[in-house]
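Read through the structure below, which is laid out as structure tokens, and then see the notes.
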Amino acid sequence: MADRGVDLSALPKEVRDQLAELDLELSEGKGGEDNVDLSLPDVQLSPGHSADPSPSPEAPGPSTSSASRHHRAHRSGGARDERYRSDIHTEAVQAALAKHKEEKMALPMPTKRRSAFVQSPLDTCTPPDTSSASEDEGSLRRKAALSAVLAQTLQSPDYWINRSVQSSSTSSSASSTLSHGEVMNGFLFMIMVLSFTENSVPPDVTSSTPEERGSRVDLPPAVRGMSRGQSRSSMLDTADGVPVSSRVSTKIQQLLNTLKRPKRPPLSEFFLDDSEEIVEVPRPDPNTPKPEGRQIIPVKGEPLGVVSNWPPALQAALARWGATQAKSPALTALDITGKPLYTLTYGKLWSRSLKLAYTLLNKLGTKTEPVLQPGDRVALVYPNSDPGMFWVAFYGCLLAEVIPVPIEVPLSRQDAGSQQIGFLLGSCGVSLALTSEVCLKGLPKTPNGEIIQFKGWPRMKWVVTDTKYLTKPSKDWQPHIPTANTDTAYIEYKASKEGTVMGVAVSKISMLTHCQALTQACNYCEGETLVNVLDCKKDMGLWHGVLTSVMNRIHTITVPYAVMKACPMSWVQRVHIHKGSVSSCDAFLNVFQSHGLKPEVICPCATSPEALTVAIRRPGARGAPLPARAILSMGGLSHGVIRVNTEDKNSALTVQDVGHIMPGALMCIVKPDGPPQLCKTDEIGEIVINSRAGGTMYYGLPGVTKNTFEVIPVNQAGAPIGEIPFTRTGLLGFVGPGSLVFVVGKIEGLLMVSGRRHNADDLVATALAVEPVKTVYRGRIAVFSVTVFYDERIVIVAEQRPDASEEDSFQWMSRVLQAIDSIHQVGLYCLALVPANTLPKTPLGGIHICETKQNFLEGNLHPCNILMCPHTCVTNLPKPRQKQPVDVGPASMLVGNLVAGKRIAQATGRELGVVEDQDLIRKHQFLSEALQWRAQTDPDHILYVLLNAKGAAVCTATCAQLHKRAEKITATLLERGSLNTGDNVVLLYPPGIDLIAAFYGCLYAGVIPVTVRPPHPQNLAATLPTVRMIIDVSKAACILTTQPLMRILRSREAAASVNVKTWPTIIDTDDLPRKRPPHIYKPPTAEMLAYLDFSVSTTGMLTGVKMSHAAVSTLCRSIKLQCELYSSRQIAICLDPYCGLGFVLWCLSSVYSGHQSILIPPLELESSLPLWLSTLSQYKIRDTFCSYSVMELCTKGLGTQTEMLKTRGVNLSCVRSCVVIAEERPRLALTQSFSKLFKDLGLSPRAVSTAFGSRVNLAICLQGTAGPDPSTVYVDMKSLRHDRVRLVERGAPQSLPLMESGTILPGVRVIIVNPETRGPLGDSHLGEIWVNSPHSASGYYTIYGEESLQADHFNTRLSFGEPHTLWARTGYLGFIKRTELLDCKILMSSRHWEIYLESLSINKYFSAIDRHDALFVVGSLDETLELRGLRYHPIDIETSVSRAHRSIAESAVFTWTNLLVVVAELSGSEQEALDLVPLVTNVVLEEHHLIVGVVVIVDPGVIPINSRGEKQRMHLRDSFLADQLDPIYVAYNM
């Protein structure tokens, strides 16, 4: 700075230190806000205080040669201010952190894949004890620490308080009865209210226990944070509405409630928000401070003086000075070095403005069709570095009587806030923009040189206003300068808290009156000099530096932002050279008082875009008493009341007054929420103003205008206090003694959390006091709140320095959490650090808060570090459900259900009956006999056709061919296998006909086949151990396989995974000699074992079940009846043939029923996606069976190719039923997507349905051809968590769609049972599905023969009801509902006609369309998550998680030490990984009322999925605990 003409060595040391610090900050490029104060450091409020006591803390206005330096941060968060680096505040923060010094971090650091630190093993990390969040009562009472003003210029707070207390009444009501105009004995007088004891500090929000009542104050109990039902008890209700602590007998109460409640609630016109049922209602805290003063009286400003020489309009003032004082300087602009660039005289300003006005009106169009008419709106697009061009454009528009709309220069097409500026231009009807030649060249262009269409902007015509392009007006042309009226003079833009940009219209009379009021309040005189460091396009920079200065012929020296950045001293030099005085605050005064700065010229003020200047401190006489200061309790402020703080300085907030309200204005304080009710004298509220010198409306937005510019305050009774409309200013404050105005914040920066108010600037100040230099940039920090689960949650986002380590960042974030928790008594929801220079910027370099918030909510923030703390700040979760002891027996429950009119939840399939091929069944109870019979009676009938990836039949098998191949295998087994009858033989084949032949070969030989999926050649390490395990568990004596697979089993690669020397005998069946076995085995009874079915369940359990010959025959007969399968039928199967119903359909069903099966191995679809669908079309298949993984593959891979398939001739109109085989809840979204996508290919939406089977019974439900369409119901998820089923209408909040799992098979009985009491349940309950059927499995096949396990699952009796019937427990939860079908005449659609024609009798048709009991499967009992006493199903949480962000490909959830762990697969780039953490936490909290403990982000394909497409969550959990996932990021939510 020395080379710029200032000798630094002559300045005092403290001044040099301050300048050095400011220089350092400015060099970092950390601009705070649009109107950044780049002056020397300045403390207006106490350090760390929230919102500017005047949202424009300093003011215009010296008395003699007024040099105005105005600072107004129009949005909280990021405005650079001395309070952010206050020593006192830093001490307070350090004191708060010292409390936590001894505490160790309860959680491990987040884990990054490429982190620089050594990751600690997961199993050593103890999850947090959530109960530790509540502090010791009283001992860790959090101190508020936004503190006193710098002590040099003031008496100590204690001295001031003592003096105030002595000179005032001790009762708040007594002191507040003084009239506002009264000042006692010349002393500075403050409103005093009774101070609170320790117990009156606002309560700990994490605790619901009411605190002790304060000893000195008896306040009425306050209801804090209650929702609409204020009188509602907070005791826990059960799902049936029975209070847990009810004195009435629970059984009687439940019965009464049930009888009162209709069975199905009618559809309401609107769904009511049921937050009152969900959210924990906090108990009223008796110690909450409440306002106690009397109702405030409106405050009147001094009358606006009448001066004879005031001009009739502002343009008239310019015309006067242009003519009489042409050489008087109007504006001096500085260059980048801080030296004068040019000076615009009043003569030049007048002549250029005149030329521009003439050009706008006469030269832009033709005489008959001018482009602009008086009253049109015109955008002014000028950079801050060229104020002269802006002045000319502004006054040129006023003279042409068009309305200028000054806006910022757009930097790029995607500029932050560009769309909102577009909304402003659209609402104001702007189609023309004025700009300078230099600025136009800098705007982004298209390749052909045109200015690009900015996002959201209307089409704009650009006009350059440089002098050389302007036309000199003809001699007879004079501008029309009418007397100021109510027409709009200019429009100033204003950004709302939500980011919407609106235009505040200021009328000509308002503009003139405002200038007059500012002149009177600031004692402006003609010919003074004013230094302006603010944006001259809006706000105080415009009001003082452009308008009032011209009215008073003031010489304005403009110091643009770029100049300030390069040379912070420039404006002080200007003040010194031009002998002006400067407006600033205490810190500045401390430094420069020794250089002649007078304290009485410092004039803070309060402004708002709607009301313009609200209040300003008048320049005082020399030696006048010091300004008023209020030392307030932070706790009181958070409850919206004024309480004087009498404790140590760290818990105080010192607020300075902003003077008196403007001349000619009337002011009230009203409640910021709800109707504009007048506040009490000791209450913080919104300032509303009635004045001729304010804005008139939001241009083009009449609806919003009424709520802001036409407010009529009401008294406590709700009656209007008058007819005068007031304007809301958006400022929060109160009126002190002597009618002094105090501003404590802005509504835009207000964060309402749990009914308490916090200010964004306060939180910024605290965060920056935690050793920020090493970790984040000052001034690059954003604070906002997001609504999650019925309350606001605070989010802090800051830019991290590139050299900050992971550990430093995490430590800093942890300390910020602790500091804010201690000082502000509020928990942070999320703290995110983003890479430097990535937050969206405002045109002047500040952070665009709304855009940042939008990016956070949409997952576009891309943080590099994130810390979520939902456990500490989410305090309104419903209480955990307390399970009541089961004192009601199953018999009582049954009777209760009957009395309540509920049906017992049970359902039965139709009778198996006597089938037509009676001889086959009677003679051949065994499938082996059935195959021999078919080979004799119909040897050439083709049973199987196997297709390859090209759709060609690579192999077929007639009845005779299959029989002969089975015989060859039998002969080989008996020769080489040295087997005994009943030995187990493993079949290891790819999907095909070889597998079927080997199966029947085993039956012919009297051995037990065990089908096993072969290992994957490219992934032996993962797949071979499962094969080995099944071989070992089944104690197989022999392995039948193909030659390639035999080589793999004995390969060196296999030896790396398993011991290949201990395989049982391996026989390859590829080239067998033509031999017939000496005899074919026939089992002595049908109860003998036919085969073993091994499968890995979704919980990771390997289970093998025993299937007898009787069960196999009955199952095949059931499927034949349900699907109407005959020899003439053709079906297509695209399933894995190794277990469950897939194996039955692939290997058994065709041999029993005689229909032809076209086999499509699912693996072939990976190389040829359309294979399955084209096969259905080519063979005109009516019935097909597939798995969810096949359906998903087609949906994702072919969804966009339906037109291509149509041109290839694929037509699916032939398909009558497409059944998805699964052991899970039907995936409704997937089946609906599949139906909609392929509707264009002729697929009927009614064709797709699902089947359901389990380990104990492979096929319980299967949608047949003759049954009614599967029904869909919507159930209430909240009730479901309580094991209740409550049907709601489609689209109801918290509703879950469930599809029926198919029609119950013939011969099957199903009942819903309480898994704990084993008693039957009513149809309004969720319970375990039990099944009684002749085709249930005989039991588990176990090595040790654990009969107890077998008996429990396969031969279970009800504890009440039918004690003799044996049931099998499926392990799945579900419910049964009777579908209410319409009249049969209405229902007889084309499909039913088809059924009717195929039916053998009329009775069969009527039974098909009769109403039936539908089984709805909800989920596996073993997989449910018991959290907070409620039952959650993983799929529901996973569905919500997958919706949270476009880059989540798949997700899975499980629990770990009572914490919910969410694993999400990231399909996008790794920089999006941390975006998912808050979104996942949000969605689970909102939709399921659960706090996620750990979020793990992994690569696609990490979540293990079995062959049926089901997630293996327990495998995933084991991998997570063993640290084998290689995650991209692991976030531990605190």
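Relative orientation of the Trp462 and Trp457 rings is parallel, given thresholds of 30° and 60° on the angle between their planes.
Side chains of Ile796 and Val764 form no contact here, defined as non-hydrogen atoms less than 4.5 Å apart. Residues Met502 and Ser427 are not in side-chain contact: their nearest non-hydrogen atoms beyond the backbone lie 4.5 Å or more apart. Residues Pro840 and Thr852 are in side-chain contact: their nearest non-hydrogen atoms beyond the backbone lie under 4.5 Å apart. No side-chain heavy atom of Ser436 sits under 4.5 Å from any side-chain heavy atom of Val464. Looking at heavy atoms from C-beta onward, Leu341 lies out of side-chain contact with Ser385 at the 4.5 angstrom threshold.
A donor-acceptor contact closer than 3.5 angstrom is absent between the side chains of Tyr777 and Asn837. No side-chain N or O of Glu610 forms a donor-acceptor pair with one of Thr708 less than 3.5 Å apart.
Between Thr838 and Glu799, the closest heavy-atom pair is N-OE2, 3.3 Å. For the pair Lys494 and Val504, the tightest heavy-atom approach, listed with the atom from each and the gap, is CB-CG2, 4.1 Å. Contact detail for Ser1467 and Ile1448: the closest heavy-atom pair is OG-N, 4.4 Å. Across every non-hydrogen atom of Ala798 and Val776, the tightest pair is CB-CG1, 3.9 Å.
Under a 3.5 Å cut-off, the side chain of Tyr490 and the backbone N or O of Met511 do not form any donor-acceptor pair. Glu1472 places no side-chain N or O within 3.5 Å of a backbone atom of Gly859 that could act as its donor or acceptor partner. Using a distance-only test at 3.5 Å, with no hydrogens or angles considered, a donor-acceptor pair links the side chain of Thr446 to the main chain of Glu450. A donor-acceptor contact shorter than 3.5 Å links the side chain of Asn532 to the backbone of Leu534. Remark: the backbone N or O of Tyr698 is paired with a side-chain donor or acceptor of Thr705 at under 3.5 angstrom.
When each of Ile747, Leu731, Leu750 is checked for a side chain to side chain contact (heavy atoms under 4.5 Å, CB included) with Pro672, only Ile747 meets the rule.
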**Request:** Run the numbers on Glu408 and Lys537 for salt bridge (Lys or Arg N to Asp or Glu O under 4.0 Å), then give the verdict.
**Result:** CA-CA 8 Å; Glu408 308 298 345; Lys537 296 194 292 295; 3.3 Å; yes

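Under a cutoff of 6.0 Å and an axis angle of 45°, Lys538 and Tyr493 form a cation-pi pair.
Within 6.0 Å of the NZ atom in Lys445, the count of heavy atoms belonging to other residues, nucleotides or ligands exceeds 12.
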